[in-house]
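Below: one structure, written as structure tokens.
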There are 2 protein chains.
Amino acid sequence: MITPVDQSAPLPAQSRPYHHGDLRKALLAAAVEELAEKGIEGLTLRGCARRAGVSHAAPAHHFGDVTGLLTEVAIAAQAKLAATMREAIARAERGSAEHVIASALGYVRFALEHPGEFGLMFRRERLRPDDPGLLAAGAESFGLAADAVGAFLGRREPMSEPQSARQIAALWSLAHGFAGLMLAGQFGPVATAAASLEALLPDMVRALFGLAPANRPEDLATISMIARRR
Amino acid sequence: MITPVDQSAPLPAQSRPYHHGDLRKALLAAAVEELAEKGIEGLTLRGCARRAGVSHAAPAHHFGDVTGLLTEVAIAAQAKLAATMREAIARAERGSAEHVIASALGYVRFALEHPGEFGLMFRRERLRPDDPGLLAAGAESFGLAADAVGAFLGRREPMSEPQSARQIAALWSLAHGFAGLMLAGQFGPVATAAASLEALLPDMVRALFGLAPANRPEDLATISMIARRR
DNA sequence: AAATCAATCTTGACACTGTAAAGTTGATGA
DNA sequence: TCATCAACTTTACAGTGTCAAGATTGATTT
């Protein structure tokens with residue numbers, strides 16, 4: 001499964017300065033691009049170096065090894081995920097069902113828009129899972145979802161903590177699993193599945209929180225289609 | 001990220017016959033073992049060949065390339081998943097809530113018992129996702145869950161109703177996401193998380209289907225612990 | 001201003017990988 | 001008996017991550 005690669009140095013060796021300037025940032029950007037174009041499996045350290053226009057061993061001086069680079073990419077991805085969720089919940093009233101739904105929608109939207117980065121965030125063996133920065137970055141998006149659930153449950157009636165914890169874990173699992181299954185092609189081609197995101201997920205979340213579905217009639221066809229995929 | 005490997009042939013070249021006997025089966029078994037011991041990232045074609053006691057190029061004659069081998073491993077894994085779910089469902093009455101819950105429990109149990117194989121099943125880029133055998137094998141476990149949901153919702157033909165389709169997708173997403181997050185270490189160490197599987201998942205499923213939780217008091221501590229992980 | 005230093009980047013090497021091509025082996029059918 | 005052919009090995013090649021050692025350069029010290 002090794003495909004030929006442009007082995008030539010990206011720039012004539014003479015035309016670029018010996019010192020890059022901000023190689024660290026350039027390598028991170030290169031990694032994100034490689035991730036988007038070729039996926040995790042296709043990303044290589046040497047490929048990132050080529051894209052940044054430096055020798056194959058240059059990245060080591062900034063990130064140690066490949067897991068070091070990917071860890072920092074994952075940290076940035078976590079920040080982007082939190083930003084996407086924040087944007088999604090911006091217009092929702094805190095404590096409302098829409099607030100909870102929006103947080104889940106933001107989560108899945110990020111996954112579909114940045115499948116490579118999203119996948120990387122949960123590949124323990126490809127990064128340093130105990131990195132403090134990574135843990136802190138991950139706590140952000142988790143906090144957004146937890147706050148949404150807590151506010152919603154607290155508004156209706158004071159819920160016991162375990163019940164709220166369970167609903168947080170359930171919401172996260174639901175969104176995470178939905179995203180993962182879509183990206184794995186289990187709901188059909190990603191393109192068609194993405195179209196049904198906004199139709200399906202909100203009612204899933206509503207069901208999880210004991211609320212009545214709010215489907216528009218035109219969404220129903222899409223839903224049936226997904227179920228009939230086998 | 002390359003760790004040293006026992007490069008010596010597993011058997012003195014003279015002591016084994018030129019023809020293996022059933023190399024195909026031996027290689028599949030070797031792949032499953034490598035998967036269990038080293039995970040997907042650690043599995044290599046040459047490693048499987050070494051473990052089976054043949055030359056590194058032998059697998060090509062039976063599986064073409066590495067994706068061919070992994071596709072067949074994934075097919076077998078799908079069958080195991082269906083078997084685990086069937087076993088979990090066996091004692092539950094069809095149409096009951098326990099029936100639905102058991103199917104989800106079986107799904108997640110398989111994931112935790114065989115993380116490597118479970119992960120492989122959803123790695124499109126590492127196998128041939130359109131392989132007819134793989135699709136057929138995947139339809140088995142999906143059918144079990146779909147039937148459980150359909151029977152519970154009181155409809156003979158589960159696919160006919162969008163509502164049922166949505167609940168099937170939601171159940172699958174919930175179980176899949178829960179398994180994935182546990183395996184990714186997002187609920188703390190896998191060992192402790194696994195202990196809370198039976199405590200958490202049933203009530204998650206109950207919530208999804210609008211049923212009251214049925215937690216035993218001793219489960220509550222575990223649940224809080226998970227929510228407090230950050 | 002000159003010398004030194006440390007960070008940055010390159011070159012070269014090594015062990016490993018997947019895959020292709022060509023050569024061996026041994027069982028099977030004419 | 002002997003030709004055939006699938007099963008397996010050997011050899012080779014391009015690509016990979018990582019290490020060690022050398023080259024370059026901007027910054028710091030004298």
Side-chain angles (χ1 to χ4, degrees), chain A residues 1-28 30-31 34 38-71 73 125-128, chain B residues 1-28 30-31 34 38-71 73 125-128:
Chain A
M1 252 265 287
I2 292 176
T3 53
V5 159
D6 179 15
Q7 202 63 2
S8 64
L11 287 179
Q14 241 49 335
S15 77
R16 70 190 141 91
Y18 196 92
H19 290 299
H20 179 282
D22 196 351
L23 181 53
R24 186 184 181 80
K25 193 175 298 179
L27 282 171
L28 287 173
E34 293 268 305
K38 315 182 190 174
I40 288 193
E41 241 65 32
L43 178 145
T44 69
L45 202 53
R46 287 167 109 108
C48 294
R50 274 192 294 271
R51 191 181 281 260
V54 294
S55 80
H56 66 265
H61 296 280
H62 292 274
F63 301 101
D65 56 7
V66 67
T67 70
L69 171 60
L70 291 184
T71 298
V73 172
E125 72 283 354
R126 294 287 250 139
L127 34 80
R128 291 198 272 264
Chain B
M1 248 258 292
I2 292 176
T3 55
V5 159
D6 179 13
Q7 202 63 3
S8 65
L11 287 179
Q14 240 48 334
S15 78
R16 71 192 140 90
Y18 196 93
H19 290 299
H20 180 281
D22 196 352
L23 181 53
R24 188 184 180 80
K25 193 176 297 179
L27 282 171
L28 287 173
E34 292 268 306
K38 314 182 190 174
I40 288 194
E41 243 64 33
L43 177 145
T44 69
L45 202 53
R46 287 166 107 109
C48 293
R50 274 193 295 270
R51 191 180 280 261
V54 294
S55 81
H56 66 266
H61 296 278
H62 292 274
F63 302 100
D65 57 5
V66 66
T67 70
L69 171 60
L70 292 184
T71 298
V73 172
E125 71 284 356
R126 293 289 250 139
L127 33 80
R128 291 198 270 264

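Note that the structure is predicted; figures quoted are calculated from it, not measured. Order of the sequence lines sets the chain letters (A, B, ...), proteins ahead of strands, with each chain counted from 1.
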- line: Residues at least two apart in sequence or cross-chain that pass side-chain contact (heavy atoms from CB on, under 4.5 Å) with B:Leu45, listed by chain then number, are B:Pro59, B:Val66, B:Leu69
statement: Heavy-atom closest pair (A:Arg126 atom, A:Leu43 atom, distance to 0.1 Å) is NH2-O, 4.2 Å
- request: Could you say whether B:His62 or A:Gly64 is positioned toward the 5' end of DNA chain D, judged by the nucleotide with the nearest heavy atom to each?
  value: B:His62
message: Closest approach to the side chain of B:Thr44, judged atom by atom: which nucleotide of C:dT17, C:dT8, D:dG17 is it?
response: C:dT17
- prompt: Do the side-chain N or O atoms of B:Ser55 get closer than 4.0 angstrom to the phosphate oxygens (OP1, OP2) of D:dT10?
  reply: no
message: Run the side chain to side chain contact (heavy atoms under 4.5 Å, CB included) test on A:Arg128 and A:Asp65 for me, step by step, so that the C-alpha distance in whole Å, both residues' side-chain angles and the decisive distance to 0.1 Å come before the verdict.
response: CA-CA 11 Å; A:Arg128 291 198 272 264; A:Asp65 56 7; 3.6 Å; yes
- request: Using whole Å, report how far CZ of B:Arg24 lies from C1' of D:dC8.
  value: 16 Å
task: Take the protein atom CG of B:Leu69 and the nucleotide atom P of C:dT17, then report the distance between them rounded to whole Å.
output: 15 Å
field: Nearest-0.5 Å distance that lies between atom CZ in A:Arg50 and atom OG in A:Ser55
entry: 11.5 Å
message: Please report the distance, rounded to the nearest Å, between CG in B:Leu27 and P in D:dA7.
response: 13 Å
Which atom pairs link the protein and nucleotides 11-13 of chain D when you take only N or O atoms and keep those under 3.5 Å?
{"residue": "D:dT11", "atom": "O4", "partner": "B:His56", "partner atom": "NE2", "Å": "2.8"}

- request: Round to a whole Å and report the spacing from NE2 of B:His61 to C1' of C:dA22.
  value: 11 Å
task: Using whole Å, report how far CZ of A:Phe63 lies from C1' of D:dT18.
output: 16 Å
task: Please state how far atom CG in A:Asp22 lies from atom P in C:dA7, giving the value in whole angstrom units.
output: 17 Å
- prompt: Where is the tightest heavy-atom contact between B:Ala52 and B:Leu27, given as atom of each residue plus distance?
  reply: CB-CD2, 3.8 Å
message: For D:dT16 and A:Arg50 - does any side-chain N or O of the residue sit under 4.0 Å from the phosphate oxygens OP1/OP2?
response: yes
Closest approach of B:Ala30 to B:Cys48 (non-hydrogen atoms, all atoms of both residues): CB-O, 3.7 Å
task: Name all residues meeting the side-chain contact (heavy atoms from CB on, under 4.5 Å) criterion together with B:His62; count only those two or more places apart in sequence or in a different chain, and write none if there are none.
output: B:Leu23, B:Arg24
message: Whole angstroms only, please: what is the CG-P distance between B:Leu45 and C:dT19?
response: 6 Å
field: Distance in angstrom units between A:Leu23 CG and D:dT24 C1', rounded
entry: 15 Å
